[in-house]
Amino acid sequence: MTAPEAESLRARTEAPRPSVWRGQGPVVAVVALGGAIGAVARYAASLWWPAQSGGFPWTTFWVNVVGCAIIGVFMVVITDVWAAHRLVRPFFGTGVLGGFTTFSTYAVDIQKLVDAGHPRTALAYLAATLFAALTAVWLAVAAARRVLKWRHR
């Protein structure tokens, strides 16, 4: 028999920590890789269609709208159709599309327009991007579900 105080002196055995590669490590890695791919695609779009100083930032507007539409279709596909690998959603949804869509640049564009003396253009851009991006997601989800329902008939 041991004294109660002796029990507290014994070394406690902890469960072994899971390997980083079995936990969140792969998720972080695929988000980083996807984010780099998406950011490079967005940067390429800004080089192909540069915005005019003081003008409506069409490239960022369309990147965000198209990216939101793709997010809508992607979410329908991976939730309603395809049992995707656990890393597909973080890679493509969070990484690629998160890096491609650029609401931080959207905020900077608004500030630049205001600073350049174009507050009405900034306000129009602010409202139009928000409306168009949300509409794009909604329409893409509705269209993807309609196509999937039509294919199942």
Side-chain angles (χ1 to χ4, degrees), residues 14-153:
E14 293 184 24
R17 295 181 75 177
S19 166
V20 170
W21 293 110
R22 292 187 187 253
Q24 292 298 313
V27 175
V28 172
V30 298
V31 168
L33 177 63
I37 292 167
V40 167
R42 175 180 25 95
Y43 181 67
S46 72
L47 293 178
W48 289 331
W49 303 288
Q52 296 176 347
S53 181
F56 195 90
W58 287 107
T59 304
T60 304
F61 174 82
W62 285 113
V63 160
N64 286 334
V65 172
V66 168
C68 286
I70 295 169
I71 288 169
V73 171
F74 175 67
M75 292 309 293
V76 168
V77 169
I78 67 166
T79 58
D80 295 358
V81 177
W82 180 38
H85 185 277
R86 74 179 189 100
L87 297 178
V88 170
R89 187 173 181 172
F91 171 73
F92 191 71
T94 305
V96 174
L97 294 173
F100 182 67
T101 57
T102 173
F103 286 92
S104 58
T105 302
Y106 161 70
V108 170
D109 287 344
I110 292 167
Q111 184 62 51
K112 284 181 181 178
L113 287 168
V114 170
D115 291 347
H118 304 286
R120 284 184 281 184
T121 305
L123 187 59
Y125 176 54
L126 184 143
T129 299
L130 182 61
F131 177 77
L134 292 173
T135 302
V137 170
W138 182 77
L139 289 173
V141 166
R145 286 193 173 137
R146 183 171 289 227
V147 166
L148 290 172
K149 187 182 270 189
W150 175 76
R151 285 189 63 196
H152 281 18
R153 286 185 186 169

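Starting from 1, each residue takes its place in the sequence as its number.
The stretch residues 100-125 participates, sequence neighbours left out, in no salt bridge (charged side-chain N to carboxylate O under 4.0 Å, His left out) pair at all.
Between Y125 and F56, the gap from one ring centroid to the other is short of 6.0 Å.
When each of L97, I37, V31 is checked for a side-chain contact (heavy atoms from CB on, under 4.5 Å) with F91, only I37 meets the rule.
For the atom pair C68 SG and L139 CG, the distance stands at 12.0 Å (nearest 0.5 Å). F74 contributes atom CZ, which lies 7.0 Å from atom CH2 of W82 (distance to the nearest 0.5 angstrom). Interatomic distance, K149 NZ to D80 CG, rounded to the nearest 0.5 Å: 11.0 Å. Here OG1 of T121 is found 12.5 Å from CG of L126. Values are rounded to the nearest 0.5 Å.
When all heavy atoms are compared, the tightest approach of A132 to V65 is CB-CG2, 3.5 Å. The two atoms that bring L113 and P57 nearest to each other are CD1-CD, 4.0 Å, heavy atoms only. Heavy-atom minimum distance, A140 versus V73: CB-CG2, 3.8 Å. The two atoms that bring L148 and V76 nearest to each other are CD1-CG1, 3.5 Å, heavy atoms only. The two residues T101 and G67 make their nearest non-hydrogen contact at CG2-CA, 3.6 Å. Shown here for R86 and P26, the closest heavy-atom pair between the two residues is NH2-CG, 3.7 Å.
At distances below 3.5 Å, at least one donor-acceptor pair connects side-chain atoms of S46 with backbone N or O atoms of Y43. The main-chain N or O of T102 is found under 3.5 Å from a side-chain atom of N64 such that the two form a donor-acceptor pair.
Residues forming a side-chain hydrogen bond (donor to acceptor under 3.5 Å, both in side chains) with T59 (at least two apart in sequence, or on another chain): none.
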